[in-house]
Amino acid sequence: MTDDHGDLHELLHRAGLEKVGDGRVSEALPSRAAWRPVISANTVPTLTVPDDRPDLVAELNRQWHRLAVERGVIGADGEFLISVGNQGCACWTRVRLGEQWDLAGLLGPKPGQPEFVTMSPDGESVLGVTCEEYEVWFVAVAPFGDWLEAWAREWAAESPEQREAGWDIVLRRKTGSARLRGAWREGLAANPAASASVLCRLLDIGPEERLPYPLTYRELPEDMIAAWVAHPDWRVRKELAERPLTPEQSAALFRDPDPHHRWLLLTSVVYQHPAFTAATFAQLATDPSPRVRAELAVHRDLPVRHLTALAADPDAVVRRAAARRAWTHLTPPARAALLADPDPMVRAEVPLHHCSTPLTVAGFAALPRGGYQEHAARTRVLARELAEELVHSTERALRDAAARNPHLDADLVALLAQDPEPGVRWWVYVRPELTEAERSGVAVELDPGAHVSPLEWVLELEDEEELRRCATSAHVMLRRSAACAPNLPPDVVDLLAHDEDWVVRLFLAERCAQAPADLLLEMVRTWEGYSAARMLEHPNFPRQGLRRFADDSDPRTRRLALLDPEVPPEVVERLSRDADAIIRRSALSNEGLSVASVIRLLDDPRDFVREAAAADPRLPTRVLTTLLNDPTTAAPAAANPALPESVMHHLLNH
């Protein structure tokens, strides 16, 4: 047999089964759950057929069809799910019977030895066919959900002796497939209970292996990071660029002898402005590689002495990178040298960002077209003649840039306020110096569904009265921006919390430390963005009494009941069976959930729920050890903090 889905579908076609749609099944219990009662050592068959009958294949087909109809496996529309044994892709395929079909003759190692399981689309009826010595067994289970509940309760009970014996079984196993070993490494990298000695072993990878992904983003002990920084393999060290490091750790990393490695590391972190030691700044500022020096020049905290030295660097690319920020610190001769630089890109860079002399029409024309001219129009002090030319330009991009220029004369701002382009008028509308009346005179329309960013000049306000003025403005963009302040006076918080604009209230809930409890609850119930999860962690978020939402029709609200510290266990159990997968996953985070329900959720239709259940430390050892040896569950099982350290090391010994 092959593990290729295409070959499986070809096999089903030859057996006379027609795929429904593309045959895929997105919401169903995993096929391994349906196989469980069929192959269990305690299984009592529903029907047996001796394997020496001359009409064996026909009889098996007949009996399967009879039982499938009687037990409700085949629905009114003729559809059912099927999983074929000995197939690499042990998954469900949604099918219906064709005019000529033969399951017993084709779905097994040879005719008359069928190995397959079928299930009703609703998951409540299972019918499996398997071969035992001298006979073929039919195993029918309905309702299947009840069988799974009973199975989970049976496996939930475990004595201390059974738990210890379970780990002994794992420690006696000597081999694991390459797929299992890879899954164990990924899981152990995410295991919150993994010690530094376990984590350090994950750094040793073979030529065809990669560093386990979870290591890059999780919290790690200091000695683990030290071992990572000192690792001899560049493939391992370079992954550290994704992690925040101490200045001393960065210093060790940047002592890499390969200039390409130093440059790659620096390009990965420089815009995050990491803290470097003085020695690291000095080392990189004199690095033999121009690419390294140029990259360092954009570091926000680069000491001035190094920045000014780089502005006079022999390499033009380095001078260009440094000139932007070094200008205000340079001596007059150094500025003159940059203005007369032999490289035109360096000469263009300096006046673009730092020259205080009004930019003339001729000076503007000499700048490179495109971004350079637009940036100059947006930031430079403009000669009156040039300013008028830009305001009346036929190029919308230049008028747009002029509308954002903080130095533009008031009469020219007033002209742009009447510009035919809404985008140009918008930049006039959000200028900080406008009065309420002047702002009201600019015709703008706010799209309620459009993404908006707060105004930078409002975010920079520190004066409480200025913030209050924005919060009480008739103009919604000022109120939205004021709501983004991390700290606000109580009266301003109360005002914004009741603002008629939903985005104002959202920004306040997202950004403000004083956001009130009722507002946070409102936003969590109505906002689907990623920030809703952060609001749940806000100190003001109300948790007491949330159990009242356990029967709410909205899943987003219903799942809040699980956050109530006094939610009854019976409510947790009920929500673990909720139709919404996220609620079922959330139930796993509640301490009141029974072990039996954790086991039951290992067979959830959704993979992210199954993975969370496999990593749950409440699982009995005998269940967890089974999961460790199944390639589909090995990674989340290896992430389970209940694993003893001896077992973790054993998994890495394979």
Side-chain angles (χ1 to χ4, degrees), residues 351-353 355-461 463 465-485 496 499-504 507:
L352 176 61
H353 292 279
C355 190
S356 57
T357 304
L359 183 62
T360 65
V361 173
F364 183 80
L367 292 173
R369 297 281 295 174
Y372 280 92
Q373 289 191 335
E374 290 170 17
H375 192 85
R378 187 168 65 249
T379 60
R380 285 286 304 277
V381 175
L382 307 174
R384 177 69 187 196
E385 181 184 7
L386 174 60
E388 292 178 352
E389 184 176 300
L390 294 175
V391 167
H392 293 94
S393 173
T394 58
E395 294 185 41
R396 180 262 174 89
L398 292 179
R399 301 200 310 279
D400 184 284
R404 301 168 67 179
N405 190 306
H407 312 293
L408 201 64
D409 292 339
D411 61 320
L412 297 180
V413 172
L415 281 176
L416 289 173
Q418 308 303 318
D419 195 276
E421 284 290 340
V424 175
R425 298 197 303 273
W426 168 261
W427 289 113
V428 174
Y429 172 75
V430 298
R431 290 177 67 93
E433 77 273 16
L434 266 60
T435 65
E436 283 283 291
E438 289 171 335
R439 214 177 300 277
S440 298
V442 184
V444 296
E445 293 184 9
L446 289 174
D447 181 355
H451 174 77
V452 292
S453 298
L455 305 177
E456 288 294 331
W457 64 269
V458 177
L459 296 181
E460 294 170 0
L461 291 175
D463 183 83
E465 284 307 312
E466 286 296 310
L467 275 173
R468 184 174 281 107
R469 181 177 66 84
C470 292
T472 57
S473 172
H475 301 285
V476 70
M477 275 307 302
L478 270 65
R479 303 200 307 276
R480 289 178 177 180
S481 303
C484 293
L496 295 174
D499 197 282
E500 62 180 6
D501 182 69
W502 185 85
V503 177
V504 169
F507 281 179

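Count residues from 1 along the sequence. Just so it is clear, the structure is predicted and the values come from calculations on it, not from any experiment.
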For the atom pair [atom1] ([X]) and [atom2] ([Y]), what is the distance rounded to the nearest 0.5 Å?
X      : Y      : atom1 : atom2 : result
Arg425 : Leu416 : CZ    : CG    : 11.5 Å
Leu461 : Glu466 : CG    : CD    : 6.0 Å
Leu382 : Leu390 : CG    : CG    : 6.0 Å
Arg431 : Glu438 : CZ    : CD    : 10.5 Å
Leu478 : Arg439 : CG    : CZ    : 4.5 Å
Arg378 : His407 : CZ    : NE2   : 12.0 Å

**Request:** Could you note down all residue pairs passing salt bridge (Lys or Arg N to Asp or Glu O under 4.0 Å) where residues 470-485 supplies at least one of them, sequence neighbours left out?
**Result:** Arg479-Asp499, Arg480-Asp501
**Asked** Which pairs count as salt bridge (Lys or Arg N to Asp or Glu O under 4.0 Å) when at least one residue sits in residues 357-368, sequence neighbours excluded?
**Response** none
Can you list everything that forms a side chain to side chain contact (heavy atoms under 4.5 Å, CB included) with [X]? Sequence neighbours excluded, please.
X      : answer
Ala483 : Leu496, Val504, Phe507, Leu508
Gln418 : none
Thr394 : none
Ala485 : Leu467, Leu488

Any donor-acceptor pair under 3.5 Å linking the side chain of [X] with the backbone of [Y]?
X      : Y      : result
Asn405 : Val381 : no
Glu374 : Ala397 : no
Ser393 : Glu389 : no

**Prompt:** Is the closest side-chain donor-acceptor distance between Thr360 and Glu385 under 3.5 Å?
**Reply:** no
**Message:** Checking His475 against Ser440: is there a side-chain donor and acceptor pair closer than 3.5 Å?
**Reply:** yes
**Request:** Tell me, please, which residues at least two apart from Phe364 pass ring-ring contact (aromatic ring centres under 6.0 Å, His included).
**Result:** none
With a cut-off of 3.5 Å and sequence neighbours excluded, list every side-chain donor-acceptor pair involving residues 442-459.
{"residue": "Asp447", "atom": "OD1", "partner": "Gly449", "partner atom": "N", "Å": "3.0"}
{"residue": "Trp457", "atom": "NE1", "partner": "Val430", "partner atom": "O", "Å": "2.8"}

**Item:** Criterion side chain to side chain contact (heavy atoms under 4.5 Å, CB included) against Val428, the qualifying member of Leu415, Val413, Asp419
**Value:** Val413
Could you list the residues that satisfy salt bridge (Lys or Arg N to Asp or Glu O under 4.0 Å) with [X], not counting sequence neighbours?
X      : result
Glu421 : Arg396
Glu395 : Arg369
Glu388 : Arg384
Glu500 : none

